[in-house]
Amino acid sequence: MKNNQTKYDVIIIGAGFSGLAAALRLKPYKLKVLILEADDDIGGRSWNKVLDDGTIVELGGQWVGWQHQRMLSFINKYKLQKYTTPPFPEGKTLFQYNGKIIDEFPEEAMLLVNNFDNLTKEIDLEKPWMHPNAKLWDNITFEHWLEMQDATVYAKKMVGRIIAGGLLSRDTSHISMLQALFYVASNAGFDVATSSEKGAQHYRVIGGSYKIARKMVGDLKGTDIILNEPVTVINYDQECATVLSMNNNVYQGKYLIIAIPPVLASKIHYHPSLGSQYYGLLQNFPGGDALKVHFVYERPFWIEDNNSGNVYLQEGWLTEVTDNTTPSDPHAILTGFIYGNKKRELIQKDLEERKKLLLNELALFFGEEAKNILQYIEYDWLNSPWTGGCFSGSLRIGCWTSYGPYLRRPIGAIHWASTELSIHFNGYFEGAVLSGERTADEIIKKLKVKKPKIKKILPNCKVKCN
Ligand SMILES: Cc1cc2nc3c(=O)[nH]c(=O)nc-3n(C[C@H](O)[C@H](O)[C@H](O)COP(=O)(O)OP(=O)(O)OC[C@H]3O[C@@H](n4cnc5c(N)ncnc54)[C@H](O)[C@@H]3O)c2cc1C
C-alpha cells in the first residue's frame with residue numbers, strides 16, 4: 001500500500017463534467033485539489049470516435065441546449081465553435097404513426113403530451129416527494145398512467161416511447177410516473193427537452209462535447225489529476241476522508257466530492273457504514289439502457305427529398321433518428337437510438353443482423369439508398385465498467401418518496417455530485433456541471449475561505465492596481 005504524503009483540501013472522485021466543474025469552481029480559492037479518475041481519460045460520458053478521414057462521431061453526450069447556460073459559458077470562455085442543429089432544419093421530420101408515415105406530430109399525441117406537461121408544472125424540483133400525489137405517482141409506472149388516459153393506443157405508444165425512451169432511456173413499465181414528471185420538469189418541459197430549435201438539442205460543438213472537457217482540464221493548472229485510479233474504499237468522519245484506490249494507493253483529504261453516477265457510488269466500500277437510507281438510495285438508482293448507433297454516409301442524400309433526417313418511430317427497434325452531420329466533417333451521419341427492452345433484445349443478435357434490421361427500418365423512411373452505408377458504429381455504455389448506464393440513472397419505482405431527502409445530503413466529509421443529483425437539467429451535461437458546482441460551493445462554505453482578490457494590470461500601467 002502506497003501512502004500519498006500530500007494532504008489535500010478536496011479530493012474529487014471522477015473526471016466527468018461534474019467533477020471537472022467542481023474543480024474549476026474551487027480553483028480561485030487556491031486549495032489543494034486532487035481528481036481521481038478510474039478510466040484512462042477524462043470526460044466521462046462524452047467521448048469521440050475519430051474516423052480515418054477525421055470525421056468525429058460522438059459516442060456519448062453531444063448536444064448543448066439553448067437553456068444550458070453553464071455549458072454555453074464554457075463554450076464561450078474556451079472560444080469553441082458551435083453550430084445549431086439539425087444541419088438541415090428546413091427539411092421534414094417524419095413520424096411513423098398508426099401504420100403510416102406522416103410529417104407532423106399527431107394532434108391526439110400532442111393532447112396527451114399537454115396533459116402530462118401540465119402535471120410537470122406542479123412539481124417542486126427541490127422536493128418532488130412533497131407533492132400531494134407523490135406517493136401515488138411514485139408507486140405507479142408511467143405505463144400505468146398512460147393506460148388510464150383517454151387517448152388512442154397509438155398516441156399512448158408514441159408519447160410513451162418518446163418520454164420513457166427518448167428522454168429517460170427506459171421502458172414505460174420501468175419508471176415511476178413521479179420519476180417521469182420530475183425528469184421532464186427538471187428539463188423545462190416536454191417541448192424544451194425534445195426540441196432542437198431553442199431546446200435541449202440546439203447546439204453542437206465542432207470537435208465534439210469532449211473538447212469542452214479537455215479545455216476544462218487545460219484550465220485546471222495546479223489541480224492534480226490521476227487517471228487509471230479507481231476508488232474502491234472510503235474511510236471518513238466529520239474532519240477528513242481517506243481514500244483507497246484499486247491500485248492500493250492511499251490519499252487523504254479534508255473533503256471528498258463523489259462525482260460519479262450513484263449506481264457506481266454504491267459499489268464503493270464506506271467506513272463507517274453510510275446507513276441504510278444512503279445505501280438504499282444508491283442501490284436503487286440504476287443507469288438507463290440506450291444504444292446510440294451511427295450510420296456513416298458519403299453525403300446527406302435524404303435532403304434531396306426535403307427530409308431533415310429526423311424520424312420518430314412508433315414501432316420497431318429504433319425510437320428516433322436524427323441527422324448528426326457536422327458541417328466541418330467530410331461525411332454525413334444519421335444517428336439512431338434504441339431503448340430498454342428493444343435494446344436488450346437487439347444486442348443479443350450478432351452485429352451483421354443488428355445492422356441489417358436497423359438499415360431496413362431506415363429504408364422505410366429514406367428509401368433503399370439508406371442501406372448504402374460506409375460504416376456502422378455503436379457503443380453500449382451499460383457495458384462500460386465506469387459508467388453504469390446511458391444516458392443517466394433514474395430512481396426505481398417507489399424510491400423518490402423513500403429516499404428523496406437523502407439525494408444531495410452530505411455525510412461527514414463526503415459530498416455528492418453527478419448529473420443524476422441535479423435539480424435542474426437532470427441527466428444532461430448542464431445538470432452535471434450544476435451539481436459539481438453546488439458541491440464545491442458547499443465545501444467552500446464549510447472551509448470558510450474567501451475568494452482571493454484578483455490583481456488587475458491596467459493597459460499601459462506599470463504599477464499593479466487593485
Ligand atoms: C450515449 C449518451 C448520449 C447522451 N447525450 C447527451 C446530450 O446530447 N446532451 C447532454 O447534455 N447530455 C447527454 N448525455 C448525458 C451526459 O453525457 C451526462 O449527463 C454527463 O456526461 C454526466 O456527467 P457526470 O460527471 O455526472 O458523470 P460521468 O460523465 O459518468 O463522469 C463520472 C466519471 O467518474 C469516473 N468514475 C466512475 N467510477 C469511479 C471510481 N470508482 N473511481 C474513480 N473514478 C470513477 C468515470 O470514469 C467518469 O469519468 C448522454 C449520455 C450518453 C451516455
Side-chain angles (χ1 to χ4, degrees), residues 11-23 34-47 57-65 67-68 70-71 85 166-167 169 187 193 196 199-205 208-210 212-213 216 225-234 243-247 251 256-269 287-294 322 324 335 337-339 343 378-382 384-393 416-422 425-436 439:
I11 298 177
I12 299 170
I13 303 176
F17 274 84
S18 59
L20 296 176
L34 167 69
I35 305 180
L36 298 173
E37 167 55 51
D39 223 332
D40 58 4
D41 200 357
I42 56 90
R45 281 170 264 179
S46 80
W47 187 24
V57 180
E58 294 196 68
L59 300 182
Q62 56 173 59
W63 287 288
V64 174
Q67 295 76 7
H68 296 175
R70 296 301 301 131
M71 286 296 284
T85 53
L167 296 179
S169 50
N187 285 289
S196 301
Q201 282 71 241
H202 191 85
Y203 292 114
R204 284 187 69 199
V205 174
S209 59
Y210 171 79
I212 310 173
M216 290 166 90
I225 303 180
I226 306 178
L227 301 178
N228 297 307
E229 194 70 321
V231 169
T232 51
V233 180
I234 293 172
V243 165
L244 174 69
S245 77
M246 208 180 261
N247 304 315
Y251 304 91
L256 201 59
I257 296 178
I258 302 191
I260 67 180
V263 66
L264 297 184
S266 76
K267 295 182 181 169
I268 295 177
H269 295 275
D289 202 1
L291 192 66
K292 184 180 183 187
V293 297
H294 310 266
T322 187
N324 224 3
T335 291
F337 295 89
I338 303 116
Y339 301 112
K343 182 256 170 177
E378 62 175 33
Y379 183 74
D380 186 359
W381 285 88
L382 195 60
S384 147
W386 306 119
T387 304
C390 159
F391 314 120
S392 67
W416 308 92
S418 84
T419 193
E420 280 80 3
L421 304 184
S422 189
F425 303 107
N426 189 288
Y428 289 68
F429 289 133
E430 182 75 1
V433 168
L434 290 171
S435 80
T439 47

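When a ligand or atom number is given, it counts from 1 through the structure's own listing order. Position 1 is the first residue of the sequence; numbering continues from there. From a predicted model like this one, the values you see are computed outputs, not experimental measurements.
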What part of Ile42 sits under 4.0 Å from ligand 1 if we count only heavy atoms: the side chain, the backbone, both or neither?
-> neither
Is there a donor-acceptor pair closer than 3.5 Å between any side-chain N or O of Trp386 and the backbone N or O of Ile260?
-> no
For Gly60, is the nearest heavy atom under 4.0 Å from an atom of ligand 1?
-> yes
Nearest heavy atom to atom 47 (O) of ligand 1: which of Gln201, Lys292, Glu37 does it belong to?
-> Glu37
Between His68 and Phe429, ring centroids under 6.0 Å | no
Do side-chain atoms of Glu420 reach the backbone of Pro262 as a donor and acceptor pair under 3.5 angstrom?
-> no
Under 4.0 angstrom from ligand 1, any heavy atom of Ser46?
-> no
Side chain or backbone of Trp381 under 4.0 Å from ligand 1, or both, or neither, by non-hydrogen atoms?
-> side chain
Which of the atoms in ligand 1, numbered in the order shown and given with their element, are less than 4.0 Å from a heavy-atom of Leu59?
-> 1 (C)
May I ask which of Ile35, Ile234, Val231 has a heavy atom nearer to atom 41 (N) of ligand 1 than the others do?
-> Val231
Using non-hydrogen atoms of the residue, decide whether Thr387 is closer than 4.0 angstrom to ligand 1.
-> no
Under 4.5 Å between any side-chain heavy atoms of Pro230 and Asn247, yes or no?
-> yes
Atom indices of ligand 1 within 4.0 angstrom of Leu264 heavy atoms, with elements | 37 (C), 38 (N)
Heavy-atom contacts under 4.0 Å between Leu36 and ligand 1: side chain, backbone, both, or neither?
-> backbone
Taking only non-hydrogen atoms of Gly14 and a 4.0 Å limit, the atoms of ligand 1 in range are 33 (C), 34 (O), 35 (C), 44 (N)
From the list Thr335, Asn324, Thr85, side chain to side chain donor-acceptor pair (under 3.5 Å) with Gln62 holds only for Asn324
Strictly by modelled atom types, are Glu229 and Ser245 linked by a side-chain donor-acceptor pair under 3.5 Å?
-> yes
One finds that the ligand 1 atoms under 4.0 Å from a non-hydrogen atom of Cys390 are 1 (C), 2 (C), 52 (C), 53 (C)
Shortest protein contact, atom 15 (C) of ligand 1 (heavy atom only) | Gly427 O, 3.2 Å
How far is atom 30 (O) of ligand 1 from its nearest protein heavy atom, and which residue and atom is that?
-> Arg45 NE, 2.8 Å
Nearest heavy atom to atom 44 (N) of ligand 1, choosing from Ala38, Ala21, Ser422, Gly19, belongs to Ala38
